[in-house]
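Step one of this worksheet: look at the structure below.
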Amino acid sequence: MTTARRDTYTPETLLTVAVQVFNERGYDGTSMEHLSKAAGISKSSIYHHVAGKEELLRRAVSRALDGLFAVLEEPGAIRGRPVERVEYVTRRTVEVLLTELPYVTLLLRVRGNTRTERWALERRREFDHQVADLLKAAAADGDLRADVDIRLATRLLFGMVNSLVEWYRPHPGADHDADHGQLADAVVHMAFDGLRTAP
């Protein structure tokens, strides 16, 4: 019991608990009292690690955003035809979302009520714009169907990917890497088999 309690004092475990509570109660509906009860430590112990709940929020959404933006720097995202790059980014975005599910879930639920939330929303928009630019470039290359409105396609693509946070739940004992890979492949096939021009 003592060991488990001591473990909750690490910044990483505290962040894990905070993200779980934020996702269950909503950020606005979470107090430091809720966090201290969930972590099994006093509020003063939490303040030993962070300035408050907004710092926990920033750390959490930063983890999600860092994972997403890192995808845009990978070789598959910067080399090749735009259509191949946007397929790669879509696949990897799904994989990051599934790997960092609680963190990305929180990111997708922020509403802009605090400085940190507004910052996170701006960063999300920046990521979305970069993916949308890839889709536009693929369309300009003639690799996407001309009869599909790119703005609509972009919204539908993001909608499909982001909806995963609402229904995907990993199965205990499952091979998560294989599971994530299959789901990422399914999203890419469903989206781009309909968007690509015929070979």
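FYI, side chains are in, hydrogens and waters are out, and symmetry mates aren't considered; it's all heavy atoms of this structure.
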Heavy-atom side-chain proximity of L97 to V165 below 4.5 angstrom: yes

Any side-chain donor near an acceptor of the partner, S31 and H34, under 3.5 Å: yes

S44 and S42 side chains, donor-acceptor separation under 3.5 Å: yes

Heavy atoms from other residues, nucleotides or ligands near CZ of R155 exceed 12 (cutoff 6.0 Å): no

Validation row: E117, T114 side chains within 4.5 angstrom (heavy atoms): yes

Distance in Å, T16 OG1 paired with E12 CD, rounded so as to fall on 0.5 Å steps: 5.0 Å

Reported CZ-to-CG distance for the pair R63 and L106, which is rounded to 0.5 angstrom: 12.0 Å

Nearest heavy-atom neighbours spanning V188 and E87: CG2-O, 3.8 Å

CG-CG distance between N113 and L121, expressed to the nearest 0.5 angstrom: 9.5 Å

Note: E126-R123 ion pair, threshold 4.0 Å (strictly below): yes

Side-chain touch E95/R92, heavy atoms, less than 4.5 angstrom: yes

For A132 against T154, the heavy-atom pair lying closest together: CB-CG2, 3.8 Å

Heavy-atom side-chain contact between K53 and F22 under 4.5 Å: yes

Whether R109 side chain and N23 backbone form a donor-acceptor pair below 3.5 Å: yes

Reported CG-to-CE distance for the pair D185 and M190, which is rounded to 0.5 angstrom: 13.0 Å

Same cluster (ILVMFWY, side-chain, under 4.5 Å), V161 and L156: no

Connected via hydrophobic side-chain network under 4.5 Å: Y47 and I41: yes

Approximate separation, where rounding is to 0.5 Å, of L35 CG and Q20 CD: 11.0 Å

L107 vs R124 side-chain heavy atoms within contact, under 4.5 Å: yes

Contacts of type side-chain contact (heavy atoms from CB on, under 4.5 Å), residue L72, not counting sequence neighbours: F69, V89, F127, Q130

Between E166 and S163: side-chain donor-acceptor atoms closer than 3.5 Å: no

F158-F192 co-clustered via ILVMFWY side chain contacts under 4.5 Å: yes

R125 and E122 ion-paired at < 4.0 Å: yes

Point-to-point distance, once rounded to the nearest 0.5 Å, from CG of L56 to OG1 of T30: 10.5 Å

hydrophobic_cluster_shared for V94 and M160, side chain cutoff 4.5 Å: yes

Non-hydrogen side-chain atoms of P11 and R59 separated by less than 4.5 Å: yes

Heavy-atom side-chain proximity of E54 to R58 below 4.5 angstrom: no

R111 vs Y27 side-chain heavy atoms within contact, under 4.5 Å: no

R151 backbone acceptor or donor facing D149 side chain under 3.5 Å: yes

